Q: 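I have a structure here, written as structure tokens, and I will follow up with some questions on it.
This structure is a prediction, so every number in the text was calculated from the model and none was measured. One-based numbering, in listed order, for ligands and for the atoms of each.
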Amino acid sequence: MQTNKPRDVQVLPIGTDTTVMRSRSWTRLRFEIEYALAKGTTANSYLIQGDKIALIDPPGETFTEIYLQALQQRFNIKDIDYVILGHVNPNRAATIKALLELAPQITFVCSNPGAINLRGALENQDLPILVKRGEETLDLGKGHNLQFIPTPNPRYPDQLCTYDPQTEILYSDKLFGAHICGDQVFDEGWETINEDRRYYFDCLMAPHARQIETTLDKLSDLPVRLYATGHGPLVRYGLIELTHAYRQWSQQQTSADTTVALIYASAYGNTATLAQAIARGITKAGVSVESINCEFADPEEIRNAVEKASGFVIGSPTLGGHAPTPVQTALGIVLSTATNNKLAGVFGSYGWSGEAVDLIEGKLKDAGYRFGFDTIRVKFKPNDTTLQLCEEAGTDFAQALKKAKKVRSQTVPASSVEQAVGRVVGSLCVLTAKQGGVSSGMLASWVSQASFNPPGLTIAVAKDRAVEPLTHSGNKFNLNILKEGNHLGLMKHFLKPFEPGQDRFAGVAAEEAENGSPLLTDALAYLECSVQTRMEAGDHWLVYATVENGKVLNQDGVTAVHHRKSGSHY
Ligand SMILES: Cc1cc2nc3c(=O)[nH]c(=O)nc-3n(C[C@H](O)[C@H](O)[C@H](O)COP(=O)(O)O)c2cc1C
């Protein structure tokens, strides 16, 4: 981690009349769960110089000075006509105020909820603002006739994407970003940042996956060449894959059978930060979250979410000795909707007295709800420790729900696939695969179960193995688990060197499984597998495969295990 580098602004032309300015922080920016991987981040701002000049998303106040310097070196700030805001963050107020001092003629462009936030943040009700609801365009000249797509969600109810048909760039605000800082402006070699993108999605998008699906639908008709994101690398090379991944990850959330309704309000963002950490803890444990910002949700939406959910969590700040009115209304809906077998949780940020949290907890206790975690009270802004507490509380909550569900469905017997997977642990196996005319087999003892749902396992395959080319993503293979007692013959057979092209199955009892790969009929069990992904692990590939079919061939036998003398070579 390059923690000693100073913050700076990286500037690069990215399209006709268009420049990106990436304000870079090499260290963790602030205490929010989304920054927990601590890889720094960039706050990306964009400049479009048509006949009119528009600036998109100036950064927060930690960058105000260096950002204005970078702008001033390139053009006259006094010439800016528009500042477009993908969302309004109180943290941006300092930069916006500084811009206004230099260029008082600026007109702001944002969504309707954005305009309300902006007027509040700048304490100026008379700001010139063009409110964009979706149909209106903004012509900057030279072909930059900007379109606007409101993409609200509970965390950013004012989010607005901007599309420039001249450059086919979509300014996607929070969408498709990642919190990583580096010299790379675009996402070439994007596979290496997949994990960061997924983490960012899990923190910021997963708790409102339903709205993300709506957003993806809205954006699907636009011919986009580049996602100009609010954070991290701009998405050019992996654009199709990332869009597809967002769809898939959202669907995983919306189709989950256990959900938690996470209902909150937050005037200054602190309770929202706690909500995000709790949501992360819940989704991490495989339970989905439907988050609801009750300031922007109608009663029907709250009622539906609570009815559908197995549990609910309510968060509120204390303002003037009370919970804000939208929270009180939501609490009323919850009390009249949620049967008291649903699990409950309460959290909130406060300053000195914290009556809101006490009130909510008291009412839920009186109504007889069980609590999935001890009520969380955080004074003002959360820090590292309180965020971790929230995340762990979320995970506990989800685990309690899963446990309750398991108790209800305990009588389901193990399927034949599950029984066969159960033979895998520590086992000695032969991996067999066939593609076209090529078949191959390899003795494998570095096999481990990796997931329950779907059933999946990992196998370490040495990079120099003949079978290696048959274990790429999408390939099918069989894993034949050997039986103690008759394994030595098969083990010796598959350990002996083969000539290139030699039939590896000559003299071995084998038939073809449904997936076309050889099945060793003397094995204890076999699994038909499909490779999902693989990771480079030194001189091996660690292959993750899901099990699509499988069977125990010998019910009385036990799994053969290979006891090695050394971990350096088998
Ligand atoms: C106008 C105002 C009134 C407040 N009243 C109270 C109060 O009565 N009791 C209390 O404990 N904190 C009070 N606070 C502190 C807030 O609860 C605290 O700032 C909290 O972090 C806000 O959470 P939020 O960022 O989610 O809105 C008040 C803050 C403001 C700005």
Side-chain angles (χ1 to χ4, degrees), residues 29-36 60-62 87-94 113-114 116-125 152-159 174 203-204 207-208 260-282 289-297 302 312-331 334 344-364 373-391 393-394:
L29 200 57
R30 62 179 79 91
F31 288 119
E32 289 186 21
I33 196 83
E34 61 188 270
Y35 299 104
E61 66 178 317
T62 40
H87 71 275
V88 178
N89 184 339
N91 181 31
R92 280 184 177 157
I116 296 166
N117 287 349
L118 185 62
R119 292 196 168 109
L122 297 193
E123 293 159 343
N124 178 354
Q125 293 307 312
N153 62 57
R155 184 75 172 90
Y156 299 102
D158 56 342
Q159 189 171 255
K174 287 281 171 186
C203 289
L204 284 177
H208 40 257
V260 173
L262 176 61
I263 302 161
Y264 67 94
S266 182
Y268 304 94
N270 295 333
T271 306
T273 303
L274 303 178
Q276 203 160 301
I278 294 170
R280 165 76 187 140
I282 296 172
V289 168
E290 163 116 36
S291 74
I292 293 176
N293 184 334
C294 45
E295 245 186 282
F296 298 91
I302 301 175
F312 60 88
V313 181
I314 305 182
S316 176
T318 299
L319 301 174
H322 296 283
T325 314
V327 176
Q328 294 184 29
T329 310
L331 179 62
V334 169
V346 181
F347 67 99
S349 170
Y350 71 104
W352 44 94
S353 48
E355 289 90 342
V357 173
D358 297 340
L359 168 106
I360 300 167
E361 188 193 38
K363 293 234 162 157
L364 294 178
F373 55 77
D374 291 341
T375 295
I376 299 171
R377 295 172 174 83
V378 173
K379 212 163 178 181
F380 293 111
K381 261 191 196 325
N383 59 22
D384 239 2
T385 320
T386 39
L387 283 183
Q388 193 183 346
L389 174 96
C390 288
E391 187 173 336

Q: Between Ala272 and ligand 1, is there a nitrogen or oxygen pair with a distance under 3.5 Å?
A: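 N/O-N/O distance below 3.5 Å does not exist for this pair.
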
Q: Looking at Glu32 and Arg155, is any side-chain nitrogen of the basic one under 4.0 Å from a carboxylate oxygen of the acidic one?
A: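 So Arg155 pairs with Glu32 through a salt bridge.
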
Q: Is it the case that ligand 1 has an N or O less than 3.5 angstrom from some N or O of Pro317?
A: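 No.
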
Q: State whether the shortest distance between N or O atoms of Leu319 and N or O atoms of ligand 1 falls below 3.5 angstrom.
A: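 So ligand 1 has no N or O lying under 3.5 Å from an N or O of Leu319.
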
Q: Give me the residue, atom name and distance of the protein heavy atom closest to atom 1 (C) of ligand 1.
A: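 For this ligand atom, the closest protein heavy atom is Tyr268 OH, 4.4 Å.
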
Q: Considering only heavy atoms from C-beta outward, does the side chain of Ile376 approach that of Ile278 to under 4.5 Å?
A: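 Yes. Closest side-chain heavy atoms under 4.5 Å.
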
Q: Is there a side-chain contact between Thr329 and Thr325 (heavy atoms, below 4.5 Å)?
A: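 Answer yes - side chains close enough.
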
Q: Can you find an N/O atom of Ala265 closer than 3.5 Å to an N/O atom of ligand 1?
A: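 Between Ala265 and ligand 1, no N or O pair is found under 3.5 Å apart.
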
Q: side-chain contact (heavy atoms from CB on, under 4.5 Å) with Pro154: which of Leu262, Asn293, Ile263, Ile292?
A: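 So, applying the side-chain contact (heavy atoms from CB on, under 4.5 Å) to Pro154 and each of Leu262, Asn293, Ile263, Ile292, only Asn293 qualifies.
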
Q: If you look at every heavy atom in Ser316 and Ala323, which pair is closest and at what distance?
A: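 It is OG-CB, 3.6 Å.
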
Q: For the CG atom of Asn270 and the OG atom of Ser349, what is their distance to the nearest 0.5 Å?
A: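 Interatomic distance, Asn270 CG to Ser349 OG, rounded to 0.5 Å: 4.0 Å.
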
Q: Could you tell me whether Tyr350 and ligand 1 have an N or O pair separated by under 3.5 Å?
A: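 In fact, backbone or side chain, Tyr350 has no N or O that close.
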
Q: Report the nearest protein non-hydrogen atom to atom 3 (C) of ligand 1: residue, atom name, distance rounded to 0.1 Å.
A: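 Protein heavy atom at minimum distance: Gly320 N, 3.5 Å.
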
Q: In the protein, which heavy atom is nearest to atom 16 (C) of ligand 1, and how far is it?
A: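 Looking at atom 16 (C) of ligand 1, the protein heavy atom closest to it is Thr318 O, 3.4 Å.
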
Q: For atom 9 (N) of ligand 1, grab the closest protein heavy atom and report residue, atom and distance to one decimal in Å.
A: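 It is Ser353 OG, 2.8 Å.
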
Q: Which residue and non-hydrogen atom of the protein lie closest to atom 12 (N) of ligand 1, and at what distance in Å?
A: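 Minimum-distance protein heavy atom for atom 12 (N) of ligand 1 reads Gly351 N, 3.0 Å.
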
Q: If we ignore angles and hydrogens, is there a donor and acceptor under 3.5 Å between the side chains of Thr318 and Glu355?
A: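 There is no such pair between these side chains.
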
Q: I would like to know whether Arg92 and His87 meet side-chain contact (heavy atoms from CB on, under 4.5 Å); could you show each step before the answer?
A: CA-CA 10 Å; Arg92 280 184 177 157; His87 71 275; 4.0 Å; yes

Q: Can you list the atoms of ligand 1 that are under 4.0 Å from a heavy atom of Gly354?
A: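 In order of numbering, the contacting atoms are 10 (C), 11 (O).
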
Q: I'd like to know if the side chain of Asp158 reaches the main chain of Val88, judged simply by a donor and an acceptor atom lying under 3.5 Å from each other, with no hydrogens or angles considered.
A: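 Yes.
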
Q: Check each of Ser316, Gly321, Ser349 against atom 8 (O) of ligand 1 and report the one with the nearest heavy atom.
A: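 Looking at heavy atoms only, the winner is Gly321.
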
Q: Which protein heavy atom lies closest to atom 25 (O) of ligand 1, and at what distance to 0.1 Å?
A: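 Result for atom 25 (O) of ligand 1: Asn270 N, 2.7 Å.
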
